[in-house]
Novice: 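The structure's right below; bear with me while I get my questions together.
When reading the values below, keep in mind they use all heavy atoms of this one structure, side chains included, and skip hydrogens, waters and symmetry mates. Below, chain A is the first sequence line, B the second, and so on; all start at residue 1.
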2 protein chains.
Amino acid sequence: MARTRRSYNQYCGLASALDIIGERWTLLIVRELLLGPARYRDLLDSLPGIGTNLLAERLKFLAEQGVIRRAAGENERGYELTEHGERLREPVLQIAHWGLEHLGAPDEGQEVRPHWGFLAVQSMLDPSRAGDADECYEFRVDGTDFHIRVEGGRATAHEGRCEAPAMLAVTDARTFVEIGSGNLNPFMAVVSGRLSLDGDEECVQRAMALLGLIEGAEAPRKRSQEAVEAV
Amino acid sequence: MARTRRSYNQYCGLASALDIIGERWTLLIVRELLLGPARYRDLLDSLPGIGTNLLAERLKFLAEQGVIRRAAGENERGYELTEHGERLREPVLQIAHWGLEHLGAPDEGQEVRPHWGFLAVQSMLDPSRAGDADECYEFRVDGTDFHIRVEGGRATAHEGRCEAPAMLAVTDARTFVEIGSGNLNPFMAVVSGRLSLDGDEECVQRAMALLGLIEGAEAPRKRSQEAVEAV
DNA sequence: CTGCATCCGCCTCGATACTG
DNA sequence: CAGTATCGAGGCGGATGCAG
């Protein structure tokens with residue numbers, strides 16, 4: 001007897017979306033796949049506490065709903081987002097950005113993964129702050145490398161290193177996310193030796209501004225795009 | 001014995017956000033408050049199936065976390081979003097927009113509320129499509145009125161009616177959301193008498209285009225703002 | 001080893017009854 | 001009207017088993 005899945009039974013876009021991605025762990029699975037294809041074991045490792053059965057069931061359901069698919073690549077087996085799932089990137093990044101403010105100092109027993117730093121950077125990136133510069137900033141977080149490329153007034157995040165970065169930041173995942181959360185000032189982190197910053201001073205300033213880490217210092221970050229207003 | 005709240009225990013913005021707004025019903029409560037302050041009873045009515053205890057607990061927790069507060073207004077008692085909660089508007093609207101595609105034809109037993117139509121409009125509004133026009137479009141959905149004002153290249157949604165609307169749409173909530181979901185063509189709805197459209201033809205066209213209902217017809221809607229790209 | 005399925009204790013959820 | 005208290009049902013978390 002096919003168990004009938006729990007639903008809000010509301011004819012509303014949000015309720016419909018939450019029927020799909022509103023269950024426990026689901027958006028965290030999407031988060032992992034936003035950072036690239038992943039195998040079953042990778043997902044288990046990045047989601048400590050999830051039951052193996054739950055992960056399997058979530059994956060199957062998300063595939064049925066067209067949010068993810070089994071990666072077709074030869075030696076790149078595993079799961080990946082479909083285009084439909086990929087369209088969750090923007091809202092999920094914005095929610096991640098919102099949630100950064102709720103992070104306090106890292107607690108014992110709290111898991112951290114270097115690639116979450118990559119996610120944090122993507123959520124902090126404010127494209128409207130990209131100036132006329134044409135340069136890139138590289139980050140090395142616990143062995144996971146990524147960079148931001150500013151080009152033609154657009155700022156984009158990419159995996160891996162880049163050539164001739166205008167700024168190079170080296171740190172551990174915990175420190176990186178703690179800076180993003182606003183609980184740790186990046187320059188304090190340098191002073192305490194937890195972060196290494198190389199590059200021209202102005203470039204460093206631009207990189208920090210691009211991530212909303214300076215200029216407005218402790219003020220709550222706010223995305224520039226206020227698309228819709230309701231009164 | 002203070003019960004320790006369930007948490008993902010991950011030092012990550014998204015996990016932190018989901019610890020707050022990831023539980024069942026929570027984002028639907030936020031949805032209701034995005035549409036304006038509401039009393040306890042209003043929320044119960046708009047969230048059929050929620051337990052009274054759950055609603056009370058969610059409200060208390062959201063207030064503790066600074067997402068909502070008890071409305072201070074004299075005769076406007078109830079709950080409302082804080083500024084912090086208000087910053088969930090953009091991502092929540094985008095998720096609602098994403099979920100619209102999953103809505104099929106309205107099912108028996110599915111609840112509909114007129115103000116969800118207002119939400120759908122806000123999620124469908126693509127500000128980049130606002131042209132040079134200076135006009136407004138009025139909607140009357142099962143007695144709930146709202147309008148879109150296009151002015152100075154910006155499109156904003158508002159409650160209530162407007163003066164001299166360039167377009168007036170009158171329909172019921174179910175039909176309205178069904179059109180937004182892409183399952184019902186607005187002109188077919190007019191033909192079948194479920195929707196009444198008044199106004200200059202060009203204005204109607206502009207209004208439909210603004211909501212992504214024509215031009216690309218059945219193609220999946222897509223927000224114009226691709227803020228961050230990851231490769 | 002990967003990708004699940006099964007089983008079980010527990011906690012959250014959903015519905016109802018009850019109180020200020 | 002605005003919640004609190006209570007309790008059964010079911011989803012979740014963890015351990016284990018098993019097929020490819």
Side-chain angles (χ1 to χ4, degrees), chain A residues 1-10 15 18-29 32-33 36-64 68-80 109-111, chain B residues 1-10 15 18-29 32-33 37-65 68-80 109-111:
Chain A
M1 46 164 72
R3 288 219 329 286
T4 162
R5 176 164 278 267
R6 178 183 276 178
S7 161
Y8 288 113
N9 276 317
Q10 297 185 358
L18 292 179
D19 279 340
I20 297 173
I21 56 168
E23 289 176 306
R24 192 163 168 77
W25 293 109
T26 301
L27 269 186
L28 293 186
I29 294 173
E32 294 301 314
L33 298 181
R39 326 234 339 209
Y40 189 86
R41 160 85 9 215
D42 301 330
L43 294 173
L44 270 187
D45 290 341
S46 292
L47 303 171
I50 195 176
T52 60
N53 53 345
L54 255 204
L55 177 56
E57 191 206 292
R58 294 287 189 267
L59 289 172
K60 192 199 301 182
F61 180 66
L62 286 175
E64 285 173 5
I68 69 174
R69 74 166 79 87
R70 308 200 63 122
E74 287 303 316
N75 46 7
E76 261 294 356
R77 256 188 289 182
Y79 300 86
E80 63 186 7
Q110 271 188 317
E111 304 287 338
Chain B
M1 44 162 108
R3 287 220 330 287
T4 160
R5 177 163 276 267
R6 179 184 273 178
S7 163
Y8 288 113
N9 276 318
Q10 298 185 357
L18 292 179
D19 279 340
I20 296 173
I21 56 168
E23 289 175 307
R24 192 162 167 76
W25 293 110
T26 302
L27 269 187
L28 293 186
I29 295 173
E32 293 302 314
L33 298 181
R39 324 224 350 202
Y40 188 87
R41 160 108 339 240
D42 302 330
L43 294 173
L44 269 186
D45 291 341
S46 292
L47 302 171
I50 194 174
T52 59
N53 53 346
L54 256 203
L55 177 56
E57 192 207 290
R58 294 287 188 267
L59 289 172
K60 193 197 302 182
F61 179 65
L62 286 175
E64 285 173 4
Q65 299 298 319
I68 69 174
R69 73 167 78 87
R70 308 199 63 123
E74 287 303 315
N75 44 7
E76 261 294 357
R77 256 188 287 182
Y79 299 88
E80 63 185 8
Q110 272 188 317
E111 305 287 336

Novice: Before accepting this row, confirm whether a basic side-chain N of the pair B/E23/B/R5 lies closer than 4.0 Å to the acidic partner's carboxylate O.
Specialist: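 Looking at B/R5 together with B/E23, the answer is yes, because their closest N to O distance falls below 4.0 Å.
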
Novice: Given atom CG of A/L55 and atom P of C/dG3, what is their separation to the nearest angstrom?
Specialist: 9 Å

Novice: Could you check how far CG of A/L54 sits from P of D/dT16, rounded to whole Å?
Specialist: 18 Å

Novice: Choose from C/dC4, D/dT4, C/dC13 the nucleotide whose nearest atom is closest to any side-chain atom of B/Y40.
Specialist: D/dT4

Novice: When rounded to the nearest 0.5 angstrom, what is the spacing between CZ in B/F61 and CD1 in B/I20?
Specialist: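 Between atom CZ of B/F61 and atom CD1 of B/I20 there are 5.5 Å.
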
Novice: Measuring to OP1 and OP2 of D/dG3, would you say a side-chain N or O of B/Y79 lies under 4.0 angstrom away?
Specialist: yes

Novice: Let me know the distance between CZ of A/F61 and C1' of D/dG11, rounded to the nearest Å.
Specialist: 14 Å

Novice: B/R24 CZ to D/dA9 P: how many Å, rounded?
Specialist: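 These atoms are roughly 18 Å apart.
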
Novice: Heavy atoms from C-beta onward define the side chain here; which of C/dC4, D/dG3, D/dG13 lies closest to that of A/W25?
Specialist: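 Given the options C/dC4, D/dG3, D/dG13, the side chain of A/W25 is closest to D/dG13.
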
Novice: Reading DNA chain C from 5' onward, which residue's closest nucleotide shows up sooner: A/R41 or B/P48?
Specialist: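 The residue whose closest nucleotide sits nearer the 5' end is A/R41.
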
Novice: Could you list all N or O pairs between the protein and nucleotides 16-18 of chain C that sit under 3.5 Å apart?
Specialist:
from, atom 1, to, atom 2, distance (Å)
C/dT16, O4, B/T52, OG1, 3.2

Novice: For the pair made of CG in B/L43 and P in D/dA2, what is the distance, rounded to whole Å?
Specialist: 9 Å

Novice: For A/R6 and C/dC13, is the shortest distance between a side-chain N/O and OP1 or OP2 below 4.0 Å?
Specialist: no

Novice: Separation of A/L28 atom CG from D/dG13 atom P, in whole Å?
Specialist: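 Spelled out: CG on A/L28 to P on D/dG13 is 11 Å.
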
Novice: C/dT2 C1' sits how many Å from A/L44 CG, rounded?
Specialist: 10 Å

Novice: Any Lys/Arg nitrogen of A/E32 or A/R39 sitting under 4.0 Å from an Asp/Glu carboxylate oxygen of the other?
Specialist: no

Novice: With DNA chain C as reference, determine whether A/K60 or B/R58 sits nearer its 5' end, using the nearest nucleotide of each.
Specialist: A/K60

Novice: A/R69 has an atom CZ; how far is it from atom C1' of C/dG3, in whole Å?
Specialist: 20 Å

Novice: Would you mind reporting whether A/Q10 and B/Q110 have side-chain heavy atoms less than 4.5 Å apart?
Specialist: no

Novice: Could you please name the option among D/dC12, D/dG3, C/dG3 that lies closest to any side-chain atom of B/A56?
Specialist: D/dG3

Novice: Any donor-acceptor pair under 3.5 Å linking the side chain of A/D19 with the backbone of A/Y8?
Specialist: yes

Novice: Could you tell me the separation between the CD1 atom of B/I29 and the CZ atom of B/R24, rounded to the nearest 0.5 Å?
Specialist: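 Here the interatomic distance stands at 11.5 Å.
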
Novice: Identify the two heavy atoms, one from A/L43 and one from A/L33, that lie closest to each other, and give their separation to 0.1 Å.
Specialist: CD2-CD2, 4.4 Å

